[in-house]
There are 2 protein chains.
Amino acid sequence: MTDTSGAAAGRRRHRVREEALADAMRIARRLLVEEGPAAVTVRAVAREMGLTAPGLYRYYAGHRELVQALVSHLYDELAAALAAARERQPADRPGPRLREVARELRRWALAHPNEFTLLFAKPVADADTAPGAAAHDPSWRFGTVVLGLMVELWRRGGVRVPADLDPGWAAQLEEVREHLSGEPVPLEAIYVFVASWARLYGAVAVEVFGHLDFALTDPGPLFEHTVDDVLAMLGDPAA
Amino acid sequence: MTDTSGAAAGRRRHRVREEALADAMRIARRLLVEEGPAAVTVRAVAREMGLTAPGLYRYYAGHRELVQALVSHLYDELAAALAAARERQPADRPGPRLREVARELRRWALAHPNEFTLLFAKPVADADTAPGAAAHDPSWRFGTVVLGLMVELWRRGGVRVPADLDPGWAAQLEEVREHLSGEPVPLEAIYVFVASWARLYGAVAVEVFGHLDFALTDPGPLFEHTVDDVLAMLGDPAA
DNA sequence: GTGAATTGTTTACACCGTTAACTCTAATGA
DNA sequence: TCATTAGAGTTAACGGTGTAAACAATTCAC
């Protein structure tokens, strides 16, 4: 009647499919949050979508793909949260921006322990996360927010570059540099970036997984101290 | 015939039971290593022990208890490995001892990723790990090896205590202090211990979970640098 | 020897991932 | 327009899982 064009119909079926996929993600997410990682199951998601288990196979090739899609979805969400945090500070002050982003990373992780666990503690590297194929994997999307600010800090000078850079690293760090929008960042600075990144990420992980519970009820100040250190290492002029 | 004493029989049945428990742990461990965490299952362990699934319930109340026992077992093994590493350095040099222990922690984690994941990334604190009931939980057994060396370092002086200690921490740190064999360690020093511990643990975790793979093929030197920092923070005279 | 633990078993139920075969509906194309 | 085809969904089935109940057998204690 109104529109019998094939292209429009094609677009519509595509849209419906997209909505079903989004629905599955919404449900999987809720199961993860409310009942833990073990609850995000093919049958449970299918059930809540109003269809039988094999029906879900029209959308995901199996349980593995389902949770992989969820992981990717969560990386995007985290990246968006970090980007939003970054925008809460003036663009010309990368130091405060990085601090805000670091805080948001911790906040997000603490507020979403199940999600963070899924992202952080994938038992074994997915094999396609080998060094080199960095830019394509989902985790890059949120790491890049932090890395971008570090580049910004480097541009303003002040990053304390180490004198003795392990020679074996040149090749890999080179690889990372290529993904930094062609910035001529020296390898020594990239090394500092990686070290800083590892420190922030590690601090959050240790706290989220409760390995500080034996001593601290509020590790917040400890984390602030870590951020101070990292910013000092990156030569934040406002630190 | 030889011995019909009830006590001896009781001891024997007890020994047999202990052996069955040890057997279960051995099998669970192998399954964890060779086929991942998902493979350590009640039925699989029972099967390999030569009995039916419900039979295993005479030894473990359920799947949860089984893997909990495995976790405890692994904590003990890790603690033993760290203690052995500690003994590889002279007793009067706590700095090198701590370095050796830190290296062993990393080595163990990298050599046993599945085990480390199980220990580190328990999705949610087991609720009995709340601050206070520290000394009883299995993780204390291996954390104490590191903490003990830190106390030793403090005793030689040199630990840089922070001037501004968050007042809210006094109570919990006090709790930790009590488990340090009655040493009169100042709370500020204990704060440094916790911070150092978090840093080491976090560095290992980030590496084991592959979050440095995007940049580094060999994060070893980075870890050495972290140990340097920690030892400096603890005022190692030999650093 | 008798009673009671201890250690197993078989059976059963509900859930899981996944495959195969089938139906129905909607888009496609001559 | 009408036959064809691709897509979405179904039911049935297989092997795997955790766990509970009821039962049998062995071994310990007195």
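All chains are named by letter (A, B, ...) in the order of the sequence lines, taking the proteins before the strands, and each is independently numbered beginning at 1. All values below were derived from every heavy atom in this structure, side-chain atoms included, with hydrogens, water molecules and symmetry-related copies excluded.
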(Q) Just N and O in the side chain of A:Thr52: are any of them under 4.0 Å from OP1 or OP2 of D:dG9? (A) no

Q. Using a cut-off of less than 4.0 Å, is there contact between a side-chain N or O of B:Arg17 and OP1 or OP2 of C:dT7?
A.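 Yes, B:Arg17 has a side-chain N/O under 4.0 Å of OP1/OP2 on C:dT7.
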
Integer-rounded Å distance: [N] [atom2] and [X] [atom1]:
| X | N | atom1 | atom2 | result |
| --- | --- | --- | --- | --- |
| A:Gln68 | C:dG17 | CD | C1' | 18 Å |
| A:Met49 | D:dT10 | CE | P | 10 Å |
| B:Glu18 | C:dT6 | CD | C1' | 15 Å |
| A:Leu56 | D:dA8 | CG | P | 12 Å |
| B:Glu19 | C:dT7 | CD | P | 13 Å |
| A:Leu51 | C:dG17 | CG | P | 14 Å |
| A:Glu35 | C:dC15 | CD | P | 12 Å |

Q) Hey, do the aromatic rings of B:Trp197 and B:Phe142 have their centres closer than 6.0 Å? A)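 Yes - the distance between ring centres of B:Trp197 and B:Phe142 falls below the 6.0 Å cut-off.
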
Q) Between A:Tyr191 and B:His225, how do the two ring planes meet: parallel, tilted or perpendicular, split at 30° and 60°? A) perpendicular

Q) So A:Phe209 and A:Phe116, would you call those rings parallel, tilted or perpendicular, with 30° and 60° as cut-offs? A) tilted

Q: Just call it for B:Tyr60: base, sugar-phosphate, or nothing, with non-hydrogen atoms closer than 4.0 Å on any strand.
A: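 The residue B:Tyr60 makes no contact with any strand.
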
Q.
Output one letter per nucleotide in nucleotides 14-25 of chain D: B when a protein non-hydrogen atom lies under 4.0 Å from the base, S when only the sugar-phosphate is that close, - when neither is.
A. ---BBBBB----

Hey, is the main chain of [Y] close enough, under 3.5 Å, to the side chain of [X] for a donor-acceptor pair?
| X | Y | answer |
| --- | --- | --- |
| B:Thr226 | B:Leu222 | yes |
| A:His211 | B:Ala198 | no |
| B:Arg97 | B:Arg86 | yes |

Q: Say whether A:Glu115 and A:Trp108, considering side chains only, have a donor N or O and an acceptor N or O under 3.5 Å apart.
A: no

Q: For atom NE2 of A:His63, decide whether the heavy atoms of other residues, nucleotides or ligands shown that lie under 6.0 angstrom number more than 12.
A: yes

Q: Would you mind telling me which of B:Arg26, B:Arg29, B:Arg43, B:Arg30 makes a salt bridge (charged side-chain N to carboxylate O under 4.0 Å, His left out) with B:Glu48?
A: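 For B:Glu48, the salt bridge (charged side-chain N to carboxylate O under 4.0 Å, His left out) check succeeds only for B:Arg30.
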
Q | End-to-end axis angle, where each axis spans five pairs of the helix from C:dG1-D:dC30 to C:dA30-D:dT1, to 10° | A |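 End-to-end axis angle for the helix from C:dG1-D:dC30 to C:dA30-D:dT1: 10°, rounded to 10°.
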
